[in-house]
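For reference, positions follow the sequence shown, starting with 1.
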Amino acid sequence: MDQGWQGWRSVSDLDPQHHRAWYDFYTGALHQGGKTVTMKAPAARMPLLVKAGAILPMGPVTQYVDEKPDAPLTLTIYTGADGKFSLYEDDGVTNAYTRGEFTRIPLSYDDKTKTVTIGERTGQYKGMVAKRQFKVRFIKAGVSSSDNFDLADKEVNYEGKALTVRM
């Protein structure tokens, strides 16, 4: 009868200065910033909110860091605001990053044009993945981002040069 619910949890002052919207990661419910939100959550799960404009990269479940280095990455885009992110990669097993052996890929989302830009890669490291598949998923109000991490609205092949993806 209680379905595992242990009561209500309160999340206070969502971005009170900027009034940016926040998404409930599990349900896709959209909450406007600048107020306190009370969310229902089972005892085993904390409420998780993601700011509109966030770009959240996700990869497959792995047992160790370099198990699937060339696996597709899903870029989950939370619509409703512009966003930026810098994707950092290194070999994951050595300290070669201290010598500058790593890459960065700038990612941005323009909410007005509904466009994601995957920028030009900078840097390099031994064993880096030269070609990568990016899946892009756009989250809108009411769309859960936790139901299936493999869902994608678009797929693109990336070879280190800038490209754009439209919603």
Side-chain angles (χ1 to χ4, degrees), residues 11-26 28 33 44-140 143-167:
V11 180
S12 300
D13 299 328
L14 298 177
D15 203 12
Q17 295 175 340
H18 300 103
H19 300 283
R20 185 176 283 192
W22 294 77
Y23 286 89
D24 180 321
F25 180 79
Y26 301 102
R45 185 185 82 209
M46 285 189 63
L48 177 59
L49 296 171
V50 183
K51 192 180 286 191
I55 301 171
L56 186 61
M58 296 185 185
V61 174
T62 59
Q63 300 302 311
Y64 50 93
V65 72
D66 59 344
E67 180 180 3
K68 301 175 185 174
D70 59 347
L73 289 180
T74 300
L75 302 176
T76 305
I77 312 296
Y78 292 83
T79 63
D82 294 347
K84 291 182 181 180
F85 184 80
S86 179
L87 180 63
Y88 171 93
E89 294 182 293
D90 62 28
D91 68 13
V93 294
T94 71
N95 66 354
Y97 67 92
T98 63
R99 296 186 303 276
E101 295 179 32
F102 60 86
T103 64
R104 286 198 181 271
I105 301 172
L107 307 169
S108 63
Y109 172 68
D110 183 314
D111 194 58
K112 185 176 182 179
T113 63
K114 308 294 186 213
T115 302
V116 175
T117 301
I118 303 171
E120 186 169 344
R121 178 190 303 125
T122 58
Q124 62 183 6
Y125 59 91
K126 183 178 178 182
M128 76 177 216
V129 176
K131 297 178 182 180
R132 172 179 300 289
Q133 182 184 51
F134 282 107
K135 298 178 179 183
V136 182
R137 184 172 183 203
F138 297 94
I139 301 298
K140 299 174 232 158
V143 176
S144 169
S145 52
S146 69
D147 56 357
N148 184 339
F149 295 127
D150 293 325
L151 289 178
D153 297 303
K154 305 276 183 160
E155 293 183 10
V156 295
N157 293 314
Y158 177 78
E159 296 185 17
K161 301 295 180 193
L163 55 89
T164 59
V165 181
R166 295 199 191 286
M167 184 158 76

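Two residues are said to be in side-chain contact when any heavy atoms from C-beta on lie closer than 4.5 Å; Lys135 and Gln133 meet this criterion. The shortest side-chain heavy-atom distance between Phe138 and Val116 falls under the 4.5 Å cut-off.
Using a 4.0 Å cut-off between charged side-chain N and carboxylate O, Glu101 and Arg99 make a salt bridge. Here Arg104 does not pair with Glu120 in a salt bridge; the nearest charged N to carboxylate O distance is not below 4.0 Å.
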**Request:** Quick one: do Val136 and Asp153 satisfy side-chain contact (heavy atoms from CB on, under 4.5 Å)? Show the steps, please.
**Result:** CA-CA 6 Å; Val136 182; Asp153 297 303; 5.9 Å; no

**Worked check of side-chain contact (heavy atoms from CB on, under 4.5 Å) between Ile118 and Val156** = CA-CA 10 Å; Ile118 303 171; Val156 295; 4.0 Å; yes

**Asked** So Val65 and Glu67, side-chain contact (heavy atoms from CB on, under 4.5 Å) or not? Walk me through it.
**Response** CA-CA 6 Å; Val65 72; Glu67 180 180 3; over 6 Å; no

**side-chain contact (heavy atoms from CB on, under 4.5 Å) evaluation trace for Thr103 with Tyr88** = CA-CA 6 Å; Thr103 64; Tyr88 171 93; over 6 Å; no

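Nearest heavy-atom pair across Thr79 and Tyr109 is CG2-OH, 3.4 Å. Nearest heavy-atom pair across Ala52 and Ala81 is O-CB, 3.6 Å. Gly123 and Met128 make their closest contact through O-SD, 4.3 Å (heavy atoms, listed as atom of the first residue, atom of the second, distance). The two residues Asn157 and Leu163 make their nearest non-hydrogen contact at O-CD2, 3.6 Å. Residue Lys140 comes nearest to Tyr23 through the heavy atom pair C-CE2, 3.5 Å, listed as atom of the first residue, atom of the second, then distance. The two residues Phe134 and Arg132 have their closest heavy-atom pair at CZ-CD, 3.6 Å.
The backbone N or O of Gly119 sits less than 3.5 Å from a side-chain atom of Tyr158, completing a donor-acceptor pair. With hydrogens and angles ignored, the 3.5 Å screen pairs no side-chain donor or acceptor of Asp82 with any backbone N or O of Asp110.
Judged purely by distance below 3.5 Å, without hydrogens or angles, the side chains of Tyr97 and Asn95 never pair a donor atom with an acceptor atom. Arg166 and Thr115 share a donor-acceptor pair across their side chains, judged by distance under 3.5 Å alone.
Between atom CG of residue Asp66 and atom OG1 of residue Thr94 there is a gap of 10.0 Å, rounded to the nearest 0.5 Å. Separating the CG atom in Leu56 from the CG atom in Leu107 is a distance of 11.0 Å, to the nearest 0.5 Å.
Counting non-hydrogen atoms of other residues, nucleotides and ligands closer than 6.0 Å to CD of Gln124 gives a total of 12 or fewer. Crowding of Lys84 atom NZ: a count of heavy atoms from other residues, nucleotides or ligands under 6.0 Å not exceeding 12. Surrounding NZ of Lys68 are more than 12 heavy atoms belonging to other residues, nucleotides or ligands, all under 6.0 Å away.
Remark: aromatic rings of Phe102 and Tyr125 are distant, center separation not under 6.0 Å.
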